[in-house]
Every structure is written in C-alpha cells, then in structure tokens.
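Okay, structure first, notes after.
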Amino acid sequence: MSGLAGRIKAVALDTFASSLVAVDADGRALTPAITYADSRCGSYVDVLRERVDEHETHQRTGTRLHASYLPARLVWLKSEQPAV
C-alpha cells in the first residue's frame with residue numbers, strides 16, 4: 001500500500017437512491033417516506049417526456065427521466081395527491 005501514497009488524486013461517490021417526504025410549513029410530515037424503490041410514479045415518466053426534451057435535459061443535467069428520480073415522483077405526487 002505504501003506505493004500508492006501520494007498517487008490518489010481524487011475519490012468520488014454517487015448514489016442512485018433518493019427519498020422524499022412532503023412536509024408542511026411547520027415541518028410536519030404530510031406523506032410517509034417515498035423511497036427510490038417506490039415505482040408508483042412510473043407512468044409519469046411518460047408525462048415528463050411530453051413536457052420536456054429528454055435528450056436535452058439529459059445533456060444539460062446529466063440525469064435521465066426515470067421513476068427513481070425526483071422529477072417523476074413530484075409530478076406523480078402533484079397529480080395523485082394534489083392536497084399535499
């Protein structure tokens with residue numbers, strides 16, 4: 001291991017997981033935790049594709065439109081639970 005000393009220039013980490021809990025103005029939870037594995041928003045990926053250019057969005061942000069990411073989850077939440 002001593003041969004690696006000073007040779008490592010950077011270490012990076014990325015995670016695919018994101019969870020969401022909607023809260024009110026006082027910080028009280030309005031929803032249970034909605035995890036990256038919750039696929040109820042899957043059909044809303046197509047809704048997003050109708051609204052934005054997926055290729056351009058990917059090029060600009062590095063993120064695909066996918067049910068595990070927050071944009072589809074937020075569109076789903078707005079549609080399915082508008083009071084939240």
Side-chain angles (χ1 to χ4, degrees):
M1 282 298 229
S2 63
L4 295 178
R7 293 179 48 196
I8 298 173
K9 300 294 182 191
V11 175
L13 174 72
D14 188 327
T15 62
F16 187 69
S18 63
S19 296
L20 173 70
V21 176
V23 297
D24 65 14
D26 295 319
R28 289 186 296 257
L30 299 173
T31 66
I34 304 167
T35 73
Y36 73 95
D38 187 322
S39 61
R40 292 177 289 174
C41 66
S43 63
Y44 287 87
V45 173
D46 291 332
V47 172
L48 281 174
R49 286 188 178 116
E50 293 172 4
R51 295 182 184 179
V52 301
D53 179 320
E54 184 171 14
H55 178 75
E56 187 279 327
T57 299
H58 183 234
Q59 292 300 308
R60 184 171 40 85
T61 67
T63 303
R64 296 176 46 235
L65 299 180
H66 192 279
S68 294
Y69 293 133
L70 294 176
R73 193 159 294 120
L74 293 171
V75 172
W76 163 78
L77 191 61
K78 182 178 180 181
S79 178
E80 299 294 323
Q81 298 183 42
V84 171

Exercise for the section: Could you list the residues that satisfy side-chain hydrogen bond (donor to acceptor under 3.5 Å, both in side chains) with Q59, not counting sequence neighbours? Expected result: none

Problem - Minimum heavy-atom distance Y69-R64, with the two atoms named - result: CD1-O, 3.3 Å

Report all side-chain donor-acceptor pairs from residues 77-84 shorter than 3.5 Å, counting only partners two or more places apart or in another chain.
unit_1 : atom_1 : unit_2 : atom_2 : d
S79    : OG     : Y44    : OH     : 3.1
E80    : OE2    : Y44    : OH     : 2.4

Problem - By salt bridge (charged side-chain N to carboxylate O under 4.0 Å, His left out) - contacts of E50 (at least two apart) - result: none

Can you give me every donor-acceptor pair (side chain of residues 22-35, partner residue at least two apart or in another chain, under 3.5 Å) with its distance?
unit_1 : atom_1 : unit_2 : atom_2 : d
D24    : OD1    : D26    : N      : 2.9
D24    : OD1    : G27    : N      : 3.0
D24    : OD1    : R28    : N      : 2.8
D24    : OD2    : R28    : NE     : 3.2
D24    : OD2    : R28    : NH2    : 3.3
D26    : OD2    : R28    : NH2    : 3.1
T31    : OG1    : A22    : N      : 3.0
T35    : OG1    : A37    : N      : 3.2

Problem - Verify same cluster id: L74, V52 (apolar side-chain graph, 4.5 Å) - result: yes

Handout entry: Name of the residue among T57, D46, V75 meeting side chain to side chain contact (heavy atoms under 4.5 Å, CB included) with R51
Key = V75

Practice task
Work out which heavy atom in C41 is nearest to a heavy atom in A72; give both atom names and the distance.
Solution key: CB-O, 3.6 Å

Exercise for the section: Apply side-chain contact (heavy atoms from CB on, under 4.5 Å) to S39 and list each qualifying residue two or more places apart in sequence or on a separate chain. Expected result: none

Exercise for the section: For residues G42 and A67, report the shortest heavy-atom separation together with the two atoms involved. Expected result: CA-CB, 3.8 Å

Practice task
Write down the atom of L70, the atom of S19, and the distance for their closest heavy-atom approach.
Solution key: CD2-O, 4.5 Å

Practice task
Could you tell me which residues satisfy side-chain contact (heavy atoms from CB on, under 4.5 Å) with E54, sequence neighbours excluded, listed by chain and number?
Solution key: R49, L65

